[in-house]
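Read the structure below first, then the notes.
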Amino acid sequence: MPGTNNAFRRFLTSRWFRRFWYSMIILFFLLFVLIPSTFVLSHLISGWDKISAEVLGDGQMISTISNGIMTSFKLAGAVTIIDFIAGLPMAWLLNRGHFKGRRYLDTLIDLPLVVPTSALGFSVALFWATPGGFAFFFNSPTGAITSSFILLMLVHVAFSYPYMVRTLSASLEEIDITYEIAGRTLGASPLTAIRTITLPLFRGGIVSGTILSFGRSISETGATVLALSIVGASQADGTAPVLIAGWRKLINEGGSMAEKYITASAFTSVLLIILALVLLTLVMIIIKKFKLPIKKVWPAQEKMLSGRIFKYLRDASSNIFLILAVLIPAFFIFIFFFRGLAQGNSLAGIDLAGFLNSLFASFLIASIVTVVNMGLGIPMAILIARKKAGTVTQPLDVLINIPMIIPSTALGFSLGLFWSGIGGGLSSLANADFLLIVLAHIAFTYPFIVRTVSSAISDIDISFEEAARTLGANPLQVFRKIIFPLAKPSIMAGAIMMFARSLGETGATLAVASTAVTTPVYIVKLVNENALFEAALACIILIGISYIILMGLRRLSSGK
Amino acid sequence: MHEISLHNVKKRYGTITALDDVSFDIEKGEYVTILGPTGSGKTTILKLLAGLIEPNEGEVRFKGRRVNELCPEERDVGLVFQNFMLFPHLNVWENVTFGPHMRGWAREKTDKLGRQMLDLVHLFNRALSYPNELSGGMQQRIALARTLTPGSKIMLMDEPLGALDARLRVELRYELVRLMKGLGITTIHVTHDQEEAMTISDKIMVLRRGKIEQIGAPMELFLRPRSIFVANFVGESNFIEGIISEIKDSFLKVELKDGLTVVVPSVDGAALGERIVIALKPENVSIQKGVTKGINHIQGVIERRSFLGTFVKYSVRLETGDLINSKVLTLQKDKTLEMGDKSTVSFRSNEAVVYHHPKDGVRRELEVE
């Protein structure tokens, strides 16, 4: 018995097995995440004739695509800037502030993260663009916001703001406050100390906050579609992901134009991917190169601006922003629903079986995706954090982020092309749509777990592992007994993020399979049919269930 | 059969050579310290022995058996870290029984060992505490107990006392030796504190830039350092440069900078007219007020006087321009020597150690980085 055990152990720890194992992890990443996500780029070469004939030759198509893309990038840019300006003081308050109830504020920030984006977008749009919402206080017969662009901005800010604050405050937490104190004792006013000492140390956080916030905004489909529908704008005023989702529907209906729409979707996806990559690379370079602290110091003015009044003003305005621009709009749906209930609205329009099916599909997909990515993402996180892949580690670390930056609709479209293009395609399978949706969700949630867990593991002193090894633990035992317990909060946070992202995703789902009905898709359908009250109920149920599940996960992570 | 040996081991990290052709043997039950400045390769040796890294060339052997490819958990070697590395999510008991637990030993055996080791370090009453509730000294002792429970006969310690207060460091160092010797464990203890190394080791290995400068008993290293570096690192030394003007039996006549001559013991391969370096321990340099003449008497002016407790240290600027330190026992009469006083330093010929002049110069040879 000990003999076989030893032989087995030797096999598991042998160099050969280790190489094989690492290669498998990397292979999985390439085959299931990176290549499918970017496969559409190859279309640019193989399908160039079609693109030039069907898209570039069609003036109206070109203007539709360019409008969509322009809207997408303008929106994502504006949203990122607003998130940053409003998020920075909030991150500061959460980290450096001393006041009662800081923990509650912390939880409040996270709250919108558990709300699936389509439900959140629906709620936010109801608040700003219907007479019963914000306009209610002014007795206005129309909604407060009538411009579709401004409404989209408000919607996108509401769901991307928590990501920005979370990232900024996590990165701020790592900056030793002693530097700031040292600056203060050397005569800098608080504002000057922050501006010249902390902010320059803070660039990494700003880069990742920007990427996350920008990426979230440029990917979002469900919330955008719903908002456009509520404000009564045509889908053509929408963003590029909305265009692709719309074409997908037309493609599915078949007809003579189907081919043309496939080409148009591919071309738009390619443009989205390339532009997003280029833009974010530029942002990264600019933020890193940019001389953030202006060397000049204005002692008197900055001292004045550091004064108590300004501090209160700053804290108050960031709290007001959180409440007015994020929390109230995000949860307005409850008011909307209960007011409707009180007015005796009927729920006749809801098709209970269809809704329950969609719920089941959504949660099943989210669960499968979470479990699969935990199993495949954590080894990758270890590989990156411990630099086990040698010279490949660095490029891997960069490539991991790509699915996060690529708009999820483009990713979904690309992935659909990839899998249906392989050997006649998966489409011949019985549950092809379901499988494709799972694969697409795996691809775009993968970076969340790898990022979170790898940064947590690189914070764990490698000597803990070495200590365990010398005490007789084999690599698997080291993971179970040391790494997993120490990284558990981050692993759970990653799992929660993946689960929530999968649950809320509309664009990627529609792009791979337009007939599949997950709850976000179902809600979009209800809103399009103008069954707002029923949609509100569906949202509330979705929010309720995801809240319970996510709290359960969180409980798991805090328990021993 | 040697308990532990390294044979021509080389270890490179990228372009940096951490260990360059290192060989040594350690016998069973010996307490050996590895002494060297930061970056000299001390920790690399421990990691090689623990199996955390593999050498690029050469062999690691335990009891004559090659273990290069053996992974850490198969080597049965204990490793104690400078920052203790107690697992923060496990309590003292779980930390101490981690090793037996990983090996799947029976419950009774594990409990007995855990109890025994906690008793040994007098901390059984803290079995249910978590590491962050313990003082540094307690954490150190728990880390030690944790490493001892699997019953390894080889113990590696990486600056085990480095993170403790000065006084505690001195107290615990004797306890360490007592424990290891009592259990018959072969220990390798890495430190950069030469006093620590001198007081507790059977053997000291001085490491510099990935090479072994000298291995030997503490007294041997102190009295007969084989290189200028060792002479300076194991108890400080004064260095005076000169040129051999006469070779007579086992002594040399050496001409210093201003034409003054001194008589010192010879060195292998000494040649007439060769540049050499004389090393003198400050304890072996005596000092008197005023001008006295004689063999190995040199005049100078006291530049600094520092009171060290038992000793007073004088820094004297010689006529040759060299600065020389003299350490003398603190006695009543020393009050008569003050800064700026003209005085004479002297030493006995056989207490000087002579080295060939290093080709990169004395200063470069003494650099610790």
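In what follows, chains are A, B, ... by sequence order, proteins preceding strands, each numbered from 1.
A distance of 9.0 Å separates CZ in A/R469 from CD in B/E74, rounded to the nearest 0.5 Å. Summarising the geometry, atom CG belonging to B/L49 is positioned 12.5 Å from atom OG1 belonging to A/T470; distances are rounded to the nearest 0.5 Å. Going from atom CD of B/E94 over to atom NZ of A/K481 covers 9.0 Å, rounded to the nearest 0.5 Å.
Counting heavy atoms of neighbouring residues, nucleotides and ligands inside a 6.0 Å radius, atom NE2 of B/H192 does not exceed 12 of them. Within a 6.0 Å radius of OH in B/Y13, other residues, nucleotides and ligands contribute more than 12 heavy atoms. Around atom CH2 of A/W92, more than 12 heavy atoms belonging to other residues, nucleotides or ligands sit under 6.0 Å away.
Contact check for B/P72 versus A/E466: no side-chain heavy atoms found under the 4.5 Å cut-off. Taking the side chain as every heavy atom from C-beta outward, B/F81 and A/D461 never approach each other to under 4.5 Å.
Side chain of B/R103 to backbone of A/L471: a donor-acceptor contact under 3.5 angstrom is found.
If you measure heavy-atom distances from B/E54 to chain A, the contacts under 4.5 Å come from the side chain alone. At a 4.5 Å heavy-atom cutoff, the contact between B/L86 and chain A is made by backbone atoms alone. Heavy atoms of B/L52 lying under 4.5 Å from chain A belong exclusively to its side chain.
Chosen from B/G51, B/A50, B/G78, B/P88, the residue pairing most often with chain A at heavy-atom distances under 4.5 Å is B/P88.
Counting all heavy atoms, side chain and backbone alike, A/L486 lies closest to B/H89 at CD2-ND1, 3.4 Å. Across every non-hydrogen atom of A/G472 and B/E73, the tightest pair is C-CB, 3.4 Å. The shortest heavy-atom contact between B/F87 and A/F464 is CE2-O, 3.3 Å.
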